[in-house]
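Residue numbers start from 1 in every chain, and the chains themselves are labelled A, B, ... in the order their sequence lines are given, proteins ahead of strands.
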Number of protein chains: 2
Amino acid sequence: MSLKHGILGLLAKGSMTGYEINSDFNTSLNFMWNAQQSQVYRELNALEEKGLITSTTIQQEGRPNKKIYSILNSGLQELIEWINQYEFEESLKIRDAFVMRIFFSEHSDGSNLPFALHAYIEHHEALLNKLIDIEAKYIHQVEQQSDMLYWLISIRKGKFTFQANLNWARETLDLLDQYKGKEDVNHE
Amino acid sequence: MSLKHGILGLLAKGSMTGYEINSDFNTSLNFMWNAQQSQVYRELNALEEKGLITSTTIQQEGRPNKKIYSILNSGLQELIEWINQYEFEESLKIRDAFVMRIFFSEHSDGSNLPFALHAYIEHHEALLNKLIDIEAKYIHQVEQQSDMLYWLISIRKGKFTFQANLNWARETLDLLDQYKGKEDVNHE
DNA sequence: TGGGTCATGTAACCTGTTACATGATTAG
DNA sequence: CTAATCATGTAACAGGTTACATGACCCA
């Protein structure tokens, strides 16, 4: 329902190609939205058909021509209306298969879980560090540029989330250790 | 991809109806998975056709007959294999439209945002308190029942997540206040 | 008498995933 | 020499959402 508005939002910041939109969702915006490449191209077609965006083609040699998409007034209108709704219930549609696997782990021997948690921790450390670096690099601009405040708020959401995930994963390793200790004692 | 395994997991804990499965996803399991009612019934049919679960119908008066589903050995096998993979990348497919609205809020006057944040905070406080109560009520059983450890780990994930969301939302209100203050000064 | 719970299901549509297809350029 | 990057797109399928349909029972 909102890939549409994600694309409109990106194009409202500046014209760009489908390739670049896709890259953004999978790198700098990965803590708020993600999308499949094929989905981005499909959605761009739909938005152009509805008259919310336009494209101009740039000839290239040795690779496919670039299609640079720009937002139209109707698209900006649609974007603004969507933003102003500020619904949050939608953000609670949690689907976390990793936690669900753990929840049902009484049916497993659980021997793979610690390895998975270590990988989870490493991965989240990397994600968190990336955001910490980005925040440090641009934080001084927040005082001058008003749009940077919203940027700051967003990346801090990513930081809070990744930090919470890290804290949980570390605690979980401890809990598993403690519990393993107790079980061993019981079996003696 | 994993509603299937969510249903198998629930049925592995005990036989139940589609109605009850749906209720679980939308109440006690809401911090790890959610599903649409129509989706649950569709998936139950698919699982029965594949021979992973069976059902027995119980006659009722005044309301539709109950279909009680039970897991079969093949279903339990499938569940166990799925659990043991412990993949976590899937849990990183974040789609948070509320944060995305904020990220693009330079195109809005942002006047609705504080109200939305207050609602967000109230909502998450309620969710968090529910988990705190549940944890307090059952925490003493963890030492006796081994499956309760996985339950504990899971609900603590929910707590960490909701707490992080709350902290972020409160900080965001502060940031908006501070920033609003500065803008007013600049306009004097 | 109106809303919530119990209880099933279908249909149409929208969104997301996986895999395929092509091919030059550039950096290590 | 190999992998990544740039750059487009399509097809088939899987999964998710919204709305409709039915109807008794219970509680305030």
Side-chain angles (χ1 to χ4, degrees), chain A residues 1-8 15-30 33-50 53 55-69 82 87 89-97 100, chain B residues 1-8 15-30 33-50 53 55-69 82 87 89-97 100:
Chain A
M1 192 87 258
S2 305
L3 171 61
K4 177 182 172 180
H5 300 103
I7 290 174
L8 289 174
S15 299
M16 58 204 295
T17 66
Y19 185 85
E20 291 169 314
I21 289 168
N22 182 241
S23 302
D24 280 6
F25 281 127
N26 295 309
T27 57
S28 52
L29 305 187
N30 72 140
W33 205 266
N34 79 87
Q36 233 57 41
Q37 176 254 79
S38 60
Q39 221 184 328
V40 171
Y41 285 111
R42 179 170 60 188
E43 195 61 46
L44 282 167
N45 283 331
L47 288 170
E48 195 168 18
E49 265 180 42
K50 280 176 203 153
I53 63 176
S55 63
T56 51
T57 303
I58 306 225
Q59 298 299 128
Q60 294 200 135
E61 283 163 42
R63 59 186 58 179
N65 295 330
K66 261 189 190 178
K67 268 174 93 173
I68 299 179
Y69 287 92
W82 176 76
E87 286 171 22
E89 298 277 355
E90 62 203 331
S91 64
L92 298 174
K93 289 175 183 168
I94 301 170
R95 290 198 171 95
D96 189 334
M100 198 160 70
Chain B
M1 192 89 259
S2 304
L3 171 61
K4 177 182 172 180
H5 300 103
I7 290 174
L8 290 175
S15 298
M16 58 203 297
T17 67
Y19 186 84
E20 291 169 313
I21 289 168
N22 183 240
S23 303
D24 279 6
F25 281 126
N26 295 310
T27 57
S28 52
L29 304 187
N30 73 140
W33 204 266
N34 80 87
Q36 234 57 41
Q37 177 255 77
S38 59
Q39 219 184 330
V40 171
Y41 285 111
R42 180 169 59 185
E43 195 62 46
L44 282 167
N45 283 330
L47 288 171
E48 196 169 16
E49 267 180 40
K50 279 176 204 154
I53 62 176
S55 62
T56 51
T57 303
I58 306 227
Q59 298 299 129
Q60 292 201 137
E61 281 164 44
R63 59 186 58 177
N65 295 330
K66 262 190 190 178
K67 268 174 95 173
I68 300 180
Y69 287 92
W82 177 76
E87 284 172 22
E89 299 276 354
E90 62 205 326
S91 65
L92 298 174
K93 288 175 183 170
I94 301 171
R95 289 197 172 96
D96 189 334
M100 198 159 70

inquiry  = In this structure, how many angstroms lie between the C1' atom of C/dG9 and the NZ atom of B/K67, rounded?
reply    = 9 Å
note = Side-chain contact check for B/K93: nearest option of C/dT8, C/dT17, D/dT17 is C/dT17
ask   = Rounding to a whole Å, what distance do you find between B/K4:NZ and D/dC13:C1'?
value = 14 Å
inquiry  = Give me the atom names and distance for the closest heavy-atom approach of B/S2 to B/W33.
reply    = CB-CH2, 3.7 Å
query = Could you state the CG-P distance from B/N65 to D/dA24, rounded to the nearest angstrom?
reply = 15 Å
ask   = Do A/L44 and A/K67 come close enough that some side-chain heavy atom pair is under 4.5 Å?
value = no
ask   = Are side-chain heavy atoms of B/K66 and B/Y19 found at a separation under 4.5 Å?
value = no
message = Between P on D/dC6 and CD1 on A/I68, what's the gap in Å once rounded to a whole number?
response = 14 Å
inquiry  = Nearest 0.5 angstrom please: B/K93 NZ to A/Q36 CD, how far?
reply    = 6.5 Å
remark   = Its contact letters, B for base, S for sugar-phosphate only and - for none at protein heavy atoms under 4.0 Å, make nucleotides 20-25 of chain C read ---BSS
query = Under a 4.0 Å heavy-atom cut-off, which of residues 38-49 of chain B touch DNA chain C?
reply = B/S38, B/Y41
inquiry  = Heavy atoms within less than 4.0 Å of DNA chain C: which residues of residues 17-30 of chain A have one? Give them sorted by number.
reply    = none
key: Value rounded to 0.5 Å, distance of CD in B/E43 from CG in B/L3   = 5.0 Å
key: Integer-rounded Å distance: C/dG9 C1' and B/Q36 CD   = 15 Å
key: Value in whole Å for how far the P atom of C/dC6 lies from CD1 of B/I58   = 16 Å
query = Roughly how far, to the nearest 0.5 Å, is the CG atom of B/N34 from the CD1 atom of A/I94?
reply = 8.0 Å
message = Using 0.5 Å steps for rounding, measure from the CG atom of A/D96 to the CG atom of B/L29.
response = 12.5 Å
Distance in Å, A/T57 OG1 paired with A/Q59 CD, rounded so as to fall on 0.5 Å steps = 7.5 Å
inquiry  = Nearest whole Å is fine: how far is D/dG16 P from A/L92 CG?
reply    = 17 Å
task = Would you kindly compare A/N34 and B/K66 by the position of their nearest DNA chain C nucleotide and give the one closer to the 5′ end?
result = B/K66
